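Working notes, beginning with the structure itself.
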Amino acid sequence: MKLSIQLGNLVLENPIIIASGVFSPDSASYFPIEAIGAIITKTVTPRPREGNPPPRLLETAAGLINSIGLQNVGIERFIEEELPRYMELGVPIIVSISGETEADFPLMAERLRGKGIAGIELNLSCPNVQRGGMHFGRDAETVFRIVREVKDASSLWVMPKLTPQARDIVETALAGEEGGADAISLVNTFLAMAIDIRARSSRLGTLMGGLSGPAIKPIALRMVYEVARAVRIPVVGCGGIMNAEDALEFLIAGASAVEIGTACLINPSIPAEILDGIRKFMEEEGIDDIRELIGSLKIKPLDI
Amino acid sequence: MKLSIQLGNLVLENPIIIASGVFSPDSASYFPIEAIGAIITKTVTPRPREGNPPPRLLETAAGLINSIGLQNVGIERFIEEELPRYMELGVPIIVSISGETEADFPLMAERLRGKGIAGIELNLSCPNVQRGGMHFGRDAETVFRIVREVKDASSLWVMPKLTPQARDIVETALAGEEGGADAISLVNTFLAMAIDIRARSSRLGTLMGGLSGPAIKPIALRMVYEVARAVRIPVVGCGGIMNAEDALEFLIAGASAVEIGTACLINPSIPAEILDGIRKFMEEEGIDDIRELIGSLKIKPLDI
Amino acid sequence: MKGSFKAKVISKRFLSDDVFLLKLREPIIAEESLPGQFVNLRCSSIYEPLLRRPLSIYDVEEDNFLLLIRIIGKGTKLLSLVREGDELDVLGPLGNPFPYRMYKNPLLVAGGIGIAPLHFLLKKLSFPILLFGARSKSELYGLEDLTKIARVIPFTEDGSEGERGLVTTRLKEFLKGHDVIFACGPMGMLREVVTIAKDVGVPSYISLEERMACGFGACLGCAVKTKKGYKMVCKDGPVMPGEEVII
Amino acid sequence: MKGSFKAKVISKRFLSDDVFLLKLREPIIAEESLPGQFVNLRCSSIYEPLLRRPLSIYDVEEDNFLLLIRIIGKGTKLLSLVREGDELDVLGPLGNPFPYRMYKNPLLVAGGIGIAPLHFLLKKLSFPILLFGARSKSELYGLEDLTKIARVIPFTEDGSEGERGLVTTRLKEFLKGHDVIFACGPMGMLREVVTIAKDVGVPSYISLEERMACGFGACLGCAVKTKKGYKMVCKDGPVMPGEEVII
Ligand SMILES: Cc1cc2nc3c(=O)[nH]c(=O)nc-3n(C[C@H](O)[C@H](O)[C@H](O)COP(=O)(O)OP(=O)(O)OC[C@H]3O[C@@H](n4cnc5c(N)ncnc54)[C@H](O)[C@@H]3O)c2cc1C
Ligand SMILES: Cc1cc2nc3c(=O)[nH]c(=O)nc-3n(C[C@H](O)[C@H](O)[C@H](O)COP(=O)(O)OP(=O)(O)OC[C@H]3O[C@@H](n4cnc5c(N)ncnc54)[C@H](O)[C@@H]3O)c2cc1C
Ligand SMILES: Cc1cc2nc3c(=O)[nH]c(=O)nc-3n(C[C@H](O)[C@H](O)[C@H](O)COP(=O)(O)O)c2cc1C
Ligand SMILES: Cc1cc2nc3c(=O)[nH]c(=O)nc-3n(C[C@H](O)[C@H](O)[C@H](O)COP(=O)(O)O)c2cc1C
Ligand code: FES
Ligand code: FES
């Protein structure tokens with residue numbers, strides 16, 4: 001049975017990728033490393049960030065709002081202290097990066113050259129300090145520019161991660177492709193709120209946070225379908241994937257691989273369970289190569 | 001205790017509005033009519049529509065995807081047969097309308113003049129036949145034009161209902177305000193998908209449907225907050241409101257009233273339960289006028 | 001206002017691994033229900049599952065009504081875990097009953113769990129005859145009790161009880177002398193029933209299933225195609241004339 | 001790989017209307033747990049509640065471990081409904097224990113349900129002394145059993161048992177001769193404990209709570225402010241030096 005997939009020139013043993021923000025080298029012992037196709041690091045920024053004030057988490061109906069605030073040690077310490085520990089795991093490591101300005105992205109990409117990483121994911125769901133805090137991923141043009149500059153600055157494999165707050169998710173994906181992206185991943189969390197009605201204030205330490213988990217799956221799946229249909233580069237689907245069936249839906253919708261976020265927090269052995277489930281499904285359906293599944297959705301005439 | 005609220009020159013006895021698509025005069029006996037501030041009709045279109053092929057419903061994690069396809073008898077039969085039955089209920093009736101082209105909207109508004117209705121809600125989450133099926137509500141300019149033409153065509157109270165698929169929900173709301181809207185309502189359902197992994201086809205009769213219910217609440221609440229902060233006209237919040245606490249969150253975020261959709265399907269007596277819950281909360285908090293709650297969210301300095 | 005009821009669980013009895021009878025106390029539902037109608041039940045107080053679940057009324061006993069439930073997903077699984085004394089939130093009775101008063105000599109046809117509404121119907125008829133089919137004996141739910149109140153002709157696909165074969169194989173024969181068919185069961189069976197009824201020129205009424213949200217005609221979600229356009233299973237059905245439905 | 005365990009429910013016993021003791025069988029957790037550590041438990045197999053719930057280890061008995069749980073929301077409510085023989089998905093033991101081996105003469109201070117980790121700690125100490133406060137007698141969970149294994153000085157706000165007043169009112173007095181405080185309870189109490197400990201110049205270790213997702217340091221969600229920046233309650237705590245935490 002062939003589970004290996006290709007994302008441009010990045011070949012993964014299987015399509016299960018750990019999404020950014022739910023894994024750390026310290027917690028590696030909780031994860032079934034051998035069942036993981038690739039790991040995306042927690043997003044790294046140019047300078048260290050202490051993160052947002054608590055509470056940083058809030059459970060909602062079938063969802064989780066987080067407001068971690070990109071807490072991280074900054075790219076320099078990351079490269080020195082954390083990256084080597086990621087690299088020891090023996091799994092392709094994709095480093096998630098984010099900047100405060102557009103110029104930060106290529107600079108960071110340069111710093112990551114020659115480190116043996118599998119590639120870079122661009123986290124575009126963060127505020128652009130130069131543009132009044134608007135998220136980089138809102139505008140297709142900005143995404144185009146960032147991707148192109150990153151590709152120019154390094155020969156690394158690059159995958160922009162789209163935000164569902166994009167003005168137009170398909171346009172944004174196309175812009176990424178045009179900028180030279182090797183693959184596109186989506187979605188990041190949905191901007192969300194929850195209010196303490198007695199205190200009349202946010203139930204998080206910040207006003208807003210990002211919604212993830214099963215609640216968003218049907219929307220994420222639709223966006224992945226739309227983007228996969230529009231671009232020619234591979235798409236990595238993400239958003240609310242909790243089990244093998246969810247993962248298969250994303251593959252059938254057109255994703256070449258999937259990222260698992262929230263589900264890893266609830267059950268870190270889920271990557272192995274999902275992979276097993278996919279194997280079992282392929283067996284039952286007589287499918288030998290997982291690539292047969294990718295984009296296999298049948299469209300009824302009425303839908304076009 | 002004052003529960004009455006104002007949406008421009010439309011005064012409602014209380015802020016609980018039945019959202020479009022979850023009520024019919026035939027089913028009125030299931031609803032606590034006396035506890036309802038206003039009822040929005042199922043969306044009416046210029047011509048009759050038979051609706052989408054089944055299955056039209058799919059349950060997701062804390063959500064419901066529907067693909068009803070605007071089944072309705074068309075504006076003429078609506079005015080003759082259905083509207084009188086709505087009017088008998090003794091509750092302000094807001095007629096939801098939608099067209100296939102921009103020009104349909106003012107024409108329909110004209111037909112609704114002098115019928116004693118409280119106003120019109122513009123359902124902009126439907127495909128614009130002239131623009132390749134793109135939803136009217138995607139673009140701020142289109143919304144501006146439709147609202148203005150409707151206002152020009154009739155003196156009726158008009159409230160555009162924003163779609164979360166808008167390129168920019170705040171811009172779109174501002175365009176509606178500029179166009180002369182008396183209030184803004186949001187959100188309609190989120191475009192969503194679900195796939196039958198064995199059949200490799202949509203689990204609905206159509207490719208996509210609209211996601212509603214508790215799953216979307218945190219996103220809807222954020223959008224309502226953003227819009228309420230930006231416009232000066234009243235905002236009506238909608239999306240996943242299941243109980244009094246949810247409704248209060250929307251009011252505190254800045255909504256002057258709330259629309260209840262999915263919750264009515266699960267429990268048609270919910271409008272009364274929500275109203276009771278709001279009353280109890282106000283009592284406990286020593287709030288005499290519900291308007292004190294509207295937009296009472298406290299923002300921490302860090303959030304601005 | 002027709003609100004929902006809090007019905008108390010009186011008893012729960014398993015008829016097989018995955019099918020059980022639930023007896024609920026609610027005098028008004030017991031009083032008003034007619035054969036073919038259903039209730040719409042919340043399976044939990046949280047949002048998963050979000051929607052109610054439609055279930056046919058299997059029987060009525062004084063102030064109680066009974067449901068025959070097959071566990072197929074998380075909602076019915078949760079229902080299978082209720083305990084005596086628990087309260088369930090029930091909306092109903094909903095939908096239209098079998099028009100049994102309009103006919104003299106109906107033939108009833110049930111497939112598997114489709115026996116639920118027909119069981120209740122049987123009890124209202126004088127000399128009922130029921131063709132009851134299933135994959136095997138264990139899926140002829142409540143067969144023994146049924147034979148006490150009706151003439152039952154069982155069919156099983158594996159031959160473990162009654163005749164081997166589908167319930168529709170000898171339907172034409174059995175139809176002789178009957179002026180209507182009332183049927184409930186899987187789609188394939190219903191299709192066959194309707195075709196045969198049409199052939200013979202006897203009216204048929206079939207009880208349909210479709211995913212539901214409200215159950216009372218508000219959401220237009222439970223559409224089924226008919227010769228007169230889409231109809232709602234919850235309000236125009238679940239019992240519909242076989243000739244009208246396009247299935 | 002440190003996967004999660006399926007722990008079998010051995011017994012459930014209510015100590016009050018809303019507090020119960022749950023005994024679960026899982027030899028590895030029972031073997032490895034130290035006082036102050038916690039487990040992260042799934043309350044249902046569906047997505048509501050979505051996240052696990054962190055609960056301190058109250059005790060260990062052979063292959064079993066015990067949790068003292070107060071029902072405050074839907075997760076703990078679901079846990080209160082488990083039955084003997086059910087299996088629960090448990091991740092643990094997690095977090096850092098009280099550094100009780102480093103000190104000779106600790107004073108333990110518990111508030112209400114905060115007794116949970118301290119109960120386990122008591123059993124590891126030779127001559128333990130516990131100040132145990134609550135609103136009233138009924139919230140001094142397991143008081144009787146505690147007196148068998150420790151010198152317990154109870155405090156209640158309403159005077160229904162022991163001294164009337166907060167557990168911290170006479171803390172300074174009681175501190176004499178002790179070289180450390182180990183405390184768990186509501187935030188207000190912990191703040192007071194830390195202040196007094198600083199005044200007297202005795203180190204304190206407090207067990208903190210924060211909303212958690214993973215419980216094993218991956219999500220950076222359970223941050224608490226300390227003099228060294230944000231620390232994670234699940235990984236750097238839940239037991240932390242009182243002097244470091246900014247609360
Ligand atoms: C009018 C009416 C009367 C009914 N009477 C009975 C009855 O008396 N006894 C009984 O056991 N069942 C009856 N059903 C079917 C019952 O409603 C479903 O089995 C139940 O809703 C399944 O819920 P679940 O949460 O267990 O399964 P889910 O987790 O919702 O679904 C499990 C699988 O079954 C499919 N499914 C769910 N609901 C239906 C449905 N209504 N039709 C077809 N497929 C479905 C889903 O797509 C999914 O694949 C009736 C249905 C209707 C519409
Ligand atoms: C390390 C650690 C150890 C714990 N040990 C125990 C223990 O031994 N026994 C015990 O009964 N409880 C303990 N708790 C608290 C317990 O985790 C919560 O009570 C539980 O998660 C509540 O879940 P719920 O679904 O019942 O409530 P929810 O429905 O999630 O919440 C109900 C209300 O309580 C608030 N809340 C939820 N979780 C917390 C929390 N962790 N801190 C503060 N407020 C919260 C919510 O915001 C909400 O207002 C511990 C917590 C931590 C972090
Ligand atoms: C606690 C938490 C932290 C996250 N941190 C990051 C991050 O640092 N960078 C990023 O690109 N995405 C981050 N995400 C988003 C996830 O990678 C993922 O895109 C999102 O959660 C949707 O997928 P899911 O529903 O499977 O979680 C985070 C998500 C969670 C829940
Ligand atoms: C079954 C169903 C039918 C709907 N039909 C309409 C409609 O005709 N017109 C419209 O504007 N919105 C329609 N909606 C959207 C609701 O009015 C509401 O905006 C949306 O469901 C979000 O709110 P909720 O989460 O409270 O349901 C429909 C929703 C549902 C669930
Ligand atoms: S289920 Fe809503 S109309 Fe039938
Ligand atoms: S709960 Fe995830 S880091 Fe503590």
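Order of the sequence lines fixes the chain letters, A, B, ..., with proteins taken first and strands second; residue numbering starts at 1 for each chain. For clarity, every value in this text was computed on a predicted model and none was experimentally measured.
- When heavy atoms are compared at a cutoff of 4.5 Å, Leu91(C) approaches chain B solely by way of its side chain, counted from C-beta outward.
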For this session: Start with the C-alpha distance between Lys6(C) and Asp89(C), add both sets of side-chain angles, then the distance that settles salt bridge (Lys or Arg N to Asp or Glu O under 4.0 Å), and finish with yes or no.
Result: CA-CA 5 Å; Lys6(C) 296 264 172 273; Asp89(C) 181 334; 3.5 Å; yes
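- Chosen from Thr262(B), Leu58(B), Asn66(B), Thr60(B), the residue pairing most often with chain C at heavy-atom distances under 4.5 Å is Leu58(B).
- A distance of 6.0 Å or more separates the ring centres of Tyr58(C) and Phe120(C).
- Taking the six-membered ring for Trp and the full ring otherwise, the centers of Phe14(C) and Phe20(C) sit less than 6.0 Å from each other.
- Counting only heavy atoms from C-beta outward, the side chains of Asn40(C) and Leu94(C) approach each other to under 4.5 Å.
- A heavy-atom distance below 4.5 Å is found between the side chains of Ser16(C) and Val19(C).
- Using a 4.5 Å cut-off between non-hydrogen atoms, the part of residues 12-27 of chain B that approaches chain C consists of Gly21(B), Val22(B), Phe23(B), Ser24(B), Asp26(B), Ser27(B).
- Residues Ser29(B) and Lys2(C) bring a donor and an acceptor atom of their side chains to less than 3.5 Å of each other.
- Taking 4.5 Å as the heavy-atom cut-off, the residues of residues 35-51 of chain B that approach chain C are Lys42(B), Glu50(B), Gly51(B), ordered by number.
- Using a 4.5 Å heavy-atom cutoff, the side chains of Val245(C) and Leu190(C) are not in contact.
- A 4.5 Å side-chain heavy-atom check between Ile120(B) and Ile94(B) finds every atom pair outside the cut-off.
- Annotation: cation-pi pair Lys225(C)/Tyr230(C) present, NZ/CZ under 6.0 Å from the ring centroid and within 45° of its normal.
- Here Pro49(C) is the residue among Pro49(C), Gly215(C), Cys222(C) with the most heavy-atom pairs under 4.5 Å with chain B.
- In summary, the side chains of Ser11(C) and Glu84(C) do not present any donor paired with an acceptor at a separation below 3.5 Å, with no hydrogens or angles considered.
- The aromatic rings of Tyr103(C) and Phe182(C) sit perpendicular, their planes meeting at an angle over 60°, well past the 30° parallel limit.
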